[in-house]
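The chain is numbered in sequence order, starting from 1. Computed from a prediction, not measured in an experiment: that's the story for all the values here.
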Amino acid sequence: VDWVDSNEYLTPEDVMERALDDYRDAAPEDRYKKVMVITLDDGVDGYQAGFYAGNMKSSEMVALIGVVQHKLLSQLSGLSE
């Protein structure tokens, strides 16, 4: 997965289609076995967060959020992985 700095012009549908295309294009043995999608609605009623997950335990979801948080913070600070 490429972490793109400028994703503000992609719609949620664009992102989900890209993720599904990547999944379908991968060889079966290379496809990820678990998935989590985090959603955010920042409408007039304030922030509403949610998620969808497949084949994941709650502890795995929490760990994944921590890993992604670290990656994003490293990107923001200019550190390389």
inquiry  = Tell me every residue that passes side chain to side chain contact (heavy atoms under 4.5 Å, CB included) with Glu13, counting only those two or more places apart in sequence or in another chain.
reply    = Thr11, Glu17
task = Would you please name every residue forming a salt bridge (Lys or Arg N to Asp or Glu O under 4.0 Å) with Glu60, sequence neighbours left out?
result = Lys34
key: Shortest non-hydrogen contact between Asn55 and Lys33, atoms and distance   = ND2-O, 3.0 Å
message = Within the structure provided, determine whether Asp14 and Arg18 are in side-chain contact (heavy-atom separation under 4.5 Å).
response = no
ask   = How would you list all residue pairs meeting ring-ring contact (aromatic ring centres under 6.0 Å, His included) that involve residues 12-35, not counting sequence neighbours?
value = Tyr23-Tyr32
Contacts table for residues 37-53: side-chain donor-acceptor under 3.5 angstrom, sequence neighbours left out:
unit_1	atom_1	unit_2	atom_2	d
Thr39	OG1	Gly50	N	3.3
Thr39	OG1	Gly50	O	3.2
Asp41	OD1	Gly43	N	3.1

key: Taking every non-hydrogen atom, the tightest pair across Met36 and Leu64   = CB-CD2, 4.0 Å
request  = Answer with yes or no whether the hydrophobic clustering places Met56 together with Ile65; edges join I, L, V, M, F, W, Y residues whose side-chain heavy atoms lie under 4.5 Å apart.
outcome  = yes
